[in-house]
Amino acid sequence: GYIDYNQSTQLMRFGTASTTKVSIDSSGNVTIADKIIHDGDTDTAVRFPAANTITAETAGTEALRIDSSGRVLVKLGSSITSEAGEAHTPALQVAHVGGNVTNLGISVSRFQASNPNSVPIILQKSRNSTIGSHTIVQDDDALGRVEFAGSDGAKFVTAASIIADVDGTPGTDDMPGRLQFMTTADGASQPTERLRISSTGKHTITGATNGELSIKAGSSSGNDIIAFVNSSGTTRGNITYDTDNNFLFFNVSQSEALRIDSSGRLLVGHTSNATPYVSGKVQVSATDGSAALSVARYQNSASNPYLALV
(Lines give C-alpha, C1' and ligand atoms only; values in the text may rest on other atoms or scores of the structure.)
Protein backbone atom coordinates (compact mmCIF):
# COMPACT_ATOMS: atom_id res chain seq x y z
CA GLY A 1 0.00 0.00 0.00
CA TYR A 2 1.01 3.63 -0.22
CA ILE A 3 0.22 7.21 0.78
CA ASP A 4 1.07 9.85 -1.83
CA TYR A 5 0.85 13.64 -1.76
CA ASN A 6 1.28 15.75 -4.92
CA GLN A 7 2.32 19.28 -3.94
CA SER A 8 1.54 20.66 -7.39
CA THR A 9 -2.06 19.46 -7.47
CA GLN A 10 -2.42 19.32 -3.68
CA LEU A 11 -3.88 15.83 -4.01
CA MET A 12 -3.41 13.14 -1.38
CA ARG A 13 -3.93 9.53 -2.40
CA PHE A 14 -4.23 6.30 -0.41
CA GLY A 15 -3.83 3.06 -2.32
CA THR A 16 -3.06 -0.62 -2.31
CA ALA A 17 -1.34 -2.68 -5.01
CA SER A 18 -0.66 0.46 -7.07
CA THR A 19 -4.38 1.27 -7.17
CA THR A 20 -5.77 4.43 -5.56
CA LYS A 21 -8.60 3.62 -3.17
CA VAL A 22 -9.13 7.01 -1.50
CA SER A 23 -8.06 10.53 -2.49
CA ILE A 24 -8.49 13.98 -0.94
CA ASP A 25 -8.17 17.04 -3.18
CA SER A 26 -7.32 20.67 -2.36
CA SER A 27 -11.00 21.49 -1.75
CA GLY A 28 -11.35 18.72 0.80
CA ASN A 29 -13.38 16.48 -1.48
CA VAL A 30 -12.95 12.79 -0.62
CA THR A 31 -13.06 10.28 -3.46
CA ILE A 32 -13.43 6.57 -2.71
CA ALA A 33 -13.48 3.52 -4.98
CA ASP A 34 -16.65 1.89 -3.67
CA LYS A 35 -17.85 2.13 -0.09
CA ILE A 36 -17.53 3.56 3.41
CA ILE A 37 -17.68 0.92 6.17
CA HIS A 38 -18.61 1.56 9.78
CA ASP A 39 -15.70 0.82 12.12
CA GLY A 40 -16.46 -2.27 14.20
CA ASP A 41 -19.62 -2.94 12.22
CA THR A 42 -18.32 -4.11 8.87
CA ASP A 43 -21.69 -5.21 7.45
CA THR A 44 -23.01 -1.63 7.61
CA ALA A 45 -21.86 0.56 4.72
CA VAL A 46 -22.54 3.41 2.31
CA ARG A 47 -21.70 2.35 -1.25
CA PHE A 48 -21.34 3.80 -4.73
CA PRO A 49 -21.98 0.63 -6.79
CA ALA A 50 -22.56 2.33 -10.15
CA ALA A 51 -22.39 5.73 -11.83
CA ASN A 52 -24.77 8.28 -10.28
CA THR A 53 -25.95 5.72 -7.72
CA ILE A 54 -25.67 5.59 -3.93
CA THR A 55 -26.78 2.80 -1.58
CA ALA A 56 -26.95 2.10 2.14
CA GLU A 57 -26.45 -1.39 3.55
CA THR A 58 -27.39 -2.80 6.93
CA ALA A 59 -26.58 -6.32 8.14
CA GLY A 60 -24.84 -6.86 4.81
CA THR A 61 -28.02 -6.27 2.78
CA GLU A 62 -28.94 -3.25 0.71
CA ALA A 63 -31.69 -1.30 2.46
CA LEU A 64 -31.82 1.94 0.47
CA ARG A 65 -30.81 3.05 -3.04
CA ILE A 66 -30.91 6.37 -4.89
CA ASP A 67 -30.53 5.48 -8.54
CA SER A 68 -29.24 7.45 -11.53
CA SER A 69 -32.75 8.82 -12.21
CA GLY A 70 -33.03 10.22 -8.68
CA ARG A 71 -35.55 7.57 -7.59
CA VAL A 72 -35.45 6.49 -3.93
CA LEU A 73 -35.76 2.71 -3.70
CA VAL A 74 -36.33 1.04 -0.32
CA LYS A 75 -35.40 -2.67 -0.34
CA LEU A 76 -35.22 -2.56 -4.14
CA GLY A 77 -32.12 -3.03 -6.27
CA SER A 78 -33.79 -1.51 -9.34
CA SER A 79 -36.91 0.44 -10.23
CA ILE A 80 -40.19 -1.40 -10.85
CA THR A 81 -42.77 -0.33 -13.43
CA SER A 82 -45.89 0.08 -11.34
CA GLU A 83 -48.64 -0.08 -13.95
CA ALA A 84 -48.40 -1.26 -17.53
CA GLY A 85 -50.88 1.16 -19.10
CA GLU A 86 -48.90 4.31 -18.30
CA ALA A 87 -45.57 2.67 -17.34
CA HIS A 88 -45.08 4.67 -14.16
CA THR A 89 -41.75 4.39 -12.35
CA PRO A 90 -42.45 6.41 -9.18
CA ALA A 91 -39.82 8.59 -7.50
CA LEU A 92 -40.29 6.70 -4.20
CA GLN A 93 -40.65 2.92 -4.26
CA VAL A 94 -40.90 0.58 -1.26
CA ALA A 95 -40.82 -3.22 -1.55
CA HIS A 96 -41.39 -6.06 0.88
CA VAL A 97 -40.39 -9.70 0.53
CA GLY A 98 -41.33 -12.71 2.62
CA GLY A 99 -39.81 -13.06 6.05
CA ASN A 100 -40.58 -10.37 8.59
CA VAL A 101 -44.30 -9.77 8.01
CA THR A 102 -44.36 -6.82 10.42
CA ASN A 103 -41.61 -4.83 8.71
CA LEU A 104 -43.51 -3.44 5.75
CA GLY A 105 -45.62 -0.48 4.65
CA ILE A 106 -45.30 3.25 5.18
CA SER A 107 -46.38 5.19 8.26
CA VAL A 108 -46.49 8.90 9.07
CA SER A 109 -46.82 9.85 12.76
CA ARG A 110 -47.30 13.08 14.66
CA PHE A 111 -46.50 13.60 18.35
CA GLN A 112 -47.53 17.03 19.62
CA ALA A 113 -49.30 18.00 22.82
CA SER A 114 -52.51 20.07 22.72
CA ASN A 115 -52.81 19.87 18.95
CA PRO A 116 -55.92 18.28 17.39
CA ASN A 117 -54.61 18.29 13.81
CA SER A 118 -53.96 15.09 11.90
CA VAL A 119 -51.00 14.03 9.74
CA PRO A 120 -51.56 14.98 6.07
CA ILE A 121 -50.62 13.17 2.91
CA ILE A 122 -50.81 15.90 0.25
CA LEU A 123 -51.06 15.39 -3.51
CA GLN A 124 -50.89 18.75 -5.30
CA LYS A 125 -50.39 20.08 -8.81
CA SER A 126 -49.35 23.28 -10.61
CA ARG A 127 -49.33 23.77 -14.40
CA ASN A 128 -45.94 25.53 -14.11
CA SER A 129 -42.86 23.51 -15.19
CA THR A 130 -40.60 25.20 -12.61
CA ILE A 131 -40.53 23.53 -9.20
CA GLY A 132 -42.08 25.81 -6.59
CA SER A 133 -43.75 28.09 -9.14
CA HIS A 134 -47.48 28.41 -9.78
CA THR A 135 -49.69 28.41 -12.87
CA ILE A 136 -53.40 27.88 -12.36
CA VAL A 137 -54.83 24.45 -13.15
CA GLN A 138 -57.85 23.97 -15.40
CA ASP A 139 -61.27 22.33 -15.25
CA ASP A 140 -60.99 18.51 -15.41
CA ASP A 141 -57.26 18.53 -14.54
CA ALA A 142 -56.35 15.45 -12.48
CA LEU A 143 -54.87 16.60 -9.15
CA GLY A 144 -54.10 13.27 -7.52
CA ARG A 145 -54.63 9.56 -7.81
CA VAL A 146 -54.33 6.51 -5.57
CA GLU A 147 -54.09 3.19 -7.41
CA PHE A 148 -54.41 -0.41 -6.22
CA ALA A 149 -52.81 -2.98 -8.53
CA GLY A 150 -52.06 -6.70 -8.58
CA SER A 151 -49.78 -8.87 -10.68
CA ASP A 152 -51.35 -10.86 -13.51
CA GLY A 153 -48.29 -13.09 -13.64
CA ALA A 154 -46.32 -10.83 -15.98
CA LYS A 155 -47.05 -7.23 -14.95
CA PHE A 156 -49.06 -5.11 -12.52
CA VAL A 157 -52.65 -4.31 -13.53
CA THR A 158 -54.84 -1.72 -11.79
CA ALA A 159 -57.82 -3.19 -9.91
CA ALA A 160 -59.17 0.03 -8.41
CA SER A 161 -58.33 3.71 -8.06
CA ILE A 162 -59.43 6.94 -6.41
CA ILE A 163 -58.98 10.12 -8.46
CA ALA A 164 -59.36 13.79 -7.52
CA ASP A 165 -60.08 16.20 -10.40
CA VAL A 166 -60.81 19.89 -10.76
CA ASP A 167 -64.59 20.17 -11.10
CA GLY A 168 -65.27 23.64 -12.45
CA THR A 169 -63.35 26.84 -13.14
CA PRO A 170 -60.70 27.49 -10.46
CA GLY A 171 -59.59 30.94 -9.30
CA THR A 172 -57.76 32.66 -6.45
CA ASP A 173 -58.56 30.71 -3.24
CA ASP A 174 -61.17 28.81 -5.26
CA MET A 175 -60.55 25.20 -6.24
CA PRO A 176 -63.72 23.19 -6.98
CA GLY A 177 -63.04 19.47 -6.92
CA ARG A 178 -64.61 16.06 -7.36
CA LEU A 179 -63.72 12.53 -6.30
CA GLN A 180 -64.06 9.51 -8.56
CA PHE A 181 -63.98 5.95 -7.24
CA MET A 182 -63.16 3.38 -9.91
CA THR A 183 -63.05 -0.43 -10.04
CA THR A 184 -62.02 -2.88 -12.74
CA ALA A 185 -64.71 -5.37 -13.78
CA ASP A 186 -63.97 -9.08 -14.13
CA GLY A 187 -62.45 -9.66 -17.56
CA ALA A 188 -61.40 -6.01 -17.99
CA SER A 189 -57.91 -4.48 -17.78
CA GLN A 190 -58.83 -0.86 -16.97
CA PRO A 191 -60.95 0.55 -14.13
CA THR A 192 -64.36 2.13 -14.74
CA GLU A 193 -65.89 4.94 -12.69
CA ARG A 194 -68.45 3.59 -10.20
CA LEU A 195 -69.01 6.50 -7.81
CA ARG A 196 -68.56 10.24 -8.29
CA ILE A 197 -68.86 12.98 -5.66
CA SER A 198 -69.08 16.34 -7.44
CA SER A 199 -68.04 19.76 -6.18
CA THR A 200 -71.69 20.39 -5.25
CA GLY A 201 -71.90 17.21 -3.17
CA LYS A 202 -73.92 15.29 -5.73
CA HIS A 203 -73.34 11.52 -5.62
CA THR A 204 -73.58 9.54 -8.86
CA ILE A 205 -73.41 5.73 -8.82
CA THR A 206 -72.69 3.94 -12.11
CA GLY A 207 -73.02 0.17 -12.32
CA ALA A 208 -71.87 -2.22 -15.01
CA THR A 209 -75.54 -2.66 -15.95
CA ASN A 210 -77.71 -1.27 -13.16
CA GLY A 211 -76.90 1.55 -10.77
CA GLU A 212 -77.08 -0.26 -7.43
CA LEU A 213 -76.74 0.90 -3.83
CA SER A 214 -76.65 -1.82 -1.18
CA ILE A 215 -77.21 -1.08 2.52
CA LYS A 216 -76.38 -3.77 5.07
CA ALA A 217 -77.43 -3.74 8.73
CA GLY A 218 -74.58 -4.14 11.21
CA SER A 219 -76.42 -6.62 13.47
CA SER A 220 -79.31 -9.09 13.31
CA SER A 221 -81.62 -6.57 15.01
CA GLY A 222 -80.56 -3.61 12.87
CA ASN A 223 -82.51 -1.97 10.06
CA ASP A 224 -81.45 -0.40 6.76
CA ILE A 225 -82.13 3.35 6.83
CA ILE A 226 -81.79 6.24 4.40
CA ALA A 227 -82.11 9.47 6.41
CA PHE A 228 -82.85 12.99 5.18
CA VAL A 229 -81.11 15.60 7.35
CA ASN A 230 -81.42 19.40 7.21
CA SER A 231 -78.53 21.86 7.36
CA SER A 232 -78.76 21.99 11.17
CA GLY A 233 -78.18 18.26 11.45
CA THR A 234 -81.77 17.34 12.33
CA THR A 235 -83.31 14.28 10.69
CA ARG A 236 -86.55 15.35 8.99
CA GLY A 237 -87.49 12.06 7.41
CA ASN A 238 -86.24 8.65 6.46
CA ILE A 239 -86.91 5.51 4.49
CA THR A 240 -86.44 2.39 6.62
CA TYR A 241 -86.48 -1.30 5.76
CA ASP A 242 -87.08 -3.59 8.75
CA THR A 243 -84.79 -6.52 7.91
CA ASP A 244 -86.29 -8.78 10.60
CA ASN A 245 -89.99 -8.37 9.73
CA ASN A 246 -89.58 -7.55 6.02
CA PHE A 247 -91.47 -4.29 5.64
CA LEU A 248 -90.61 -0.86 4.27
CA PHE A 249 -91.86 2.39 5.79
CA PHE A 250 -91.51 6.11 5.13
CA ASN A 251 -91.23 8.66 7.95
CA VAL A 252 -92.13 12.33 7.47
CA SER A 253 -91.41 14.78 10.32
CA GLN A 254 -90.46 11.79 12.47
CA SER A 255 -93.85 10.12 12.03
CA GLU A 256 -94.65 7.13 9.84
CA ALA A 257 -96.63 8.22 6.80
CA LEU A 258 -96.66 5.09 4.63
CA ARG A 259 -95.78 1.43 4.90
CA ILE A 260 -95.40 -1.49 2.50
CA ASP A 261 -95.75 -4.63 4.61
CA SER A 262 -94.29 -8.11 4.09
CA SER A 263 -97.39 -9.10 2.05
CA GLY A 264 -96.95 -6.20 -0.37
CA ARG A 265 -99.89 -4.18 1.03
CA LEU A 266 -99.68 -0.38 0.86
CA LEU A 267 -100.75 1.01 4.24
CA VAL A 268 -101.43 4.74 4.73
CA GLY A 269 -102.42 5.94 8.17
CA HIS A 270 -101.92 2.61 9.91
CA THR A 271 -99.14 0.09 10.36
CA SER A 272 -100.82 -3.30 10.05
CA ASN A 273 -103.58 -4.94 8.03
CA ALA A 274 -106.85 -3.31 9.14
CA THR A 275 -109.80 -5.69 9.72
CA PRO A 276 -112.37 -3.78 7.65
CA TYR A 277 -110.13 -3.99 4.61
CA VAL A 278 -109.64 -7.77 4.97
CA SER A 279 -106.53 -8.05 2.74
CA GLY A 280 -106.83 -5.00 0.51
CA LYS A 281 -103.58 -4.18 -1.29
CA VAL A 282 -104.14 -0.43 -0.78
CA GLN A 283 -105.43 0.68 2.63
CA VAL A 284 -105.99 4.30 3.72
CA SER A 285 -107.22 5.22 7.20
CA ALA A 286 -107.25 8.11 9.68
CA THR A 287 -109.08 9.30 12.78
CA ASP A 288 -110.35 12.46 11.08
CA GLY A 289 -111.58 13.62 7.68
CA SER A 290 -108.21 13.04 6.05
CA ALA A 291 -109.02 9.36 5.53
CA ALA A 292 -109.72 9.63 1.84
CA LEU A 293 -108.43 8.64 -1.56
CA SER A 294 -108.62 11.56 -3.98
CA VAL A 295 -108.64 11.36 -7.77
CA ALA A 296 -108.64 14.78 -9.49
CA ARG A 297 -108.63 15.81 -13.14
CA TYR A 298 -107.60 19.23 -14.44
CA GLN A 299 -108.53 19.52 -18.10
CA ASN A 300 -110.68 21.85 -20.22
CA SER A 301 -113.20 19.16 -21.13
CA ALA A 302 -116.46 17.67 -19.90
CA SER A 303 -114.79 14.40 -18.87
CA ASN A 304 -114.72 13.39 -15.21
CA PRO A 305 -111.90 11.74 -13.26
CA TYR A 306 -112.54 8.05 -12.78
CA LEU A 307 -111.30 5.01 -10.93
CA ALA A 308 -111.30 1.85 -13.02
CA LEU A 309 -111.96 -1.53 -11.39
CA VAL A 310 -111.03 -4.34 -13.72
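Because only heavy atoms are used, hydrogens play no part in the values below, and waters and symmetry mates are left out as well, while side chains stay in.
Put simply, the side chain of Gln93 gets close to the backbone of Ile80: a donor and an acceptor are under 3.5 Å apart. A side-chain donor-acceptor contact under 3.5 Å links Asp67 to the backbone of Gly70. Between the side chain of Asp242 and the main chain of Asp244, a donor-acceptor pair closer than 3.5 Å is present. For the pair Thr53 (side chain) and Phe48 (backbone), a donor-acceptor distance under 3.5 Å is absent. No donor-acceptor distance shorter than 3.5 angstrom exists from the side chain of Glu212 to the backbone of Ile205, with no hydrogens or angles considered. Looking only at distances, no side-chain donor or acceptor of Lys21 sits under 3.5 Å from a matching main-chain atom of Arg13. Ser151 places a side-chain N or O within donor-acceptor distance of the main-chain N or O of Gly153, the cut-off being under 3.5 Å. Of the possible polar contacts, none joining the Asp167 side chain to the Pro176 backbone as a donor-acceptor pair under 3.5 Å is found.
The side-chain heavy atoms of Thr235 and Gln254, taken from C-beta on, include a pair separated by under 4.5 Å. Side-chain contact between Leu64 and Val72 is present, with at least one heavy-atom pair separated by less than 4.5 Å. Proximity of Ile226 to Asn238: side-chain heavy atoms (C-beta onward) are nowhere separated by under 4.5 Å. Here the side chains of Arg265 and Val282 are not in contact, with every heavy-atom distance at 4.5 Å or above. By the 4.5 Å heavy-atom criterion applied to side chains, Val94 and Ile106 are counted as neighbours. A heavy-atom distance below 4.5 Å is not found between the side chains of Pro191 and Thr183.
Leu143 forms part of a hydrophobic cluster together with Val137, Val166, Met175, judged by ILVMFWY side-chain heavy-atom separations under 4.5 Å.
For Ser198 and Thr200, the side-chain atoms include at least one donor-acceptor pair closer than 3.5 Å. Counting only N and O atoms by type, the side chains of Asn273 and Gln283 include a donor and acceptor under 3.5 Å apart. Between the side chains of Ser126 and Asn128, no donor N or O sits under 3.5 Å from an acceptor N or O. Side-chain polar atoms of Ser161 and Glu147 form no donor-acceptor pair below 3.5 angstrom. Side-chain atoms of Glu256 and Thr271 include no donor-acceptor pair closer than 3.5 Å. Between the side chains of Ser262 and Asn246, no donor-acceptor pair of N or O atoms lies under 3.5 Å.
Within a 6.0 Å sphere centred on CD1 of Ile121, other residues, nucleotides and ligands contribute 12 heavy atoms or fewer. Heavy atoms from other residues, nucleotides or ligands lying under 6.0 Å from CD1 of Ile215 number more than 12.
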Show your working on side chain to side chain contact (heavy atoms under 4.5 Å, CB included) between Ile225 and Ile239 and close with a plain yes or no. CA-CA 6 Å; Ile225 302 172; Ile239 302 172; over 6 Å; no
| Ser189 and Thr184: side chain to side chain contact (heavy atoms under 4.5 Å, CB included), yes or no, with the steps? | CA-CA 7 Å; Ser189 60; Thr184 301; 5.9 Å; no
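Salt-bridge formation is not detected for the pair Asp224/Lys216: no Lys NZ or Arg NE/NH1/NH2 atom is positioned less than 4.0 Å from an Asp or Glu carboxylate oxygen. In summary, Asp141 and Arg127 engage in a salt bridge, as defined by a charged side-chain N under 4.0 Å from a carboxylate O. Of the charged side-chain nitrogens involved, at least one lies within less than 4.0 Å of a carboxylate oxygen, so that Asp140 and Arg178 count as a salt-bridged pair.
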List, one per line, each side-chain donor-acceptor pair under 3.5 Å for residues 298-310, sequence neighbours excluded.
from, atom 1, to, atom 2, distance (Å)
Gln299, OE1, Arg297, NE, 2.9
Gln299, OE1, Arg297, NH2, 2.7
Ser301, OG, Ser303, N, 3.4

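For the side-chain contact (heavy atoms from CB on, under 4.5 Å) with Arg47, the qualifying choice from Asp34, Ile37, Ile36 is Asp34, the only one to do so.
For the atom pair OG of Ser199 and CG of Asp165, the computed distance is 11.5 Å after rounding to the nearest 0.5 Å. Annotation: the span from Leu11 atom CG to Ile24 atom CD1 amounts to 9.0 Å, rounded to 0.5 Å.
Screening residues 2-21 for ring pair (Phe, Tyr, Trp, His ring centres under 6.0 Å) gives no qualifying pairs among residues at least two apart or on separate chains. Annotation: ring pair (Phe, Tyr, Trp, His ring centres under 6.0 Å) contacts involving residues 225-256, sequence neighbours excluded, comprise Phe247-Phe249. Every pair tested for ring pair (Phe, Tyr, Trp, His ring centres under 6.0 Å) that includes a residue from residues 110-155 fails, sequence neighbours excluded, so the list is empty.
The side-chain contact (heavy atoms from CB on, under 4.5 Å) search around Thr209 returns none, not counting sequence neighbours.
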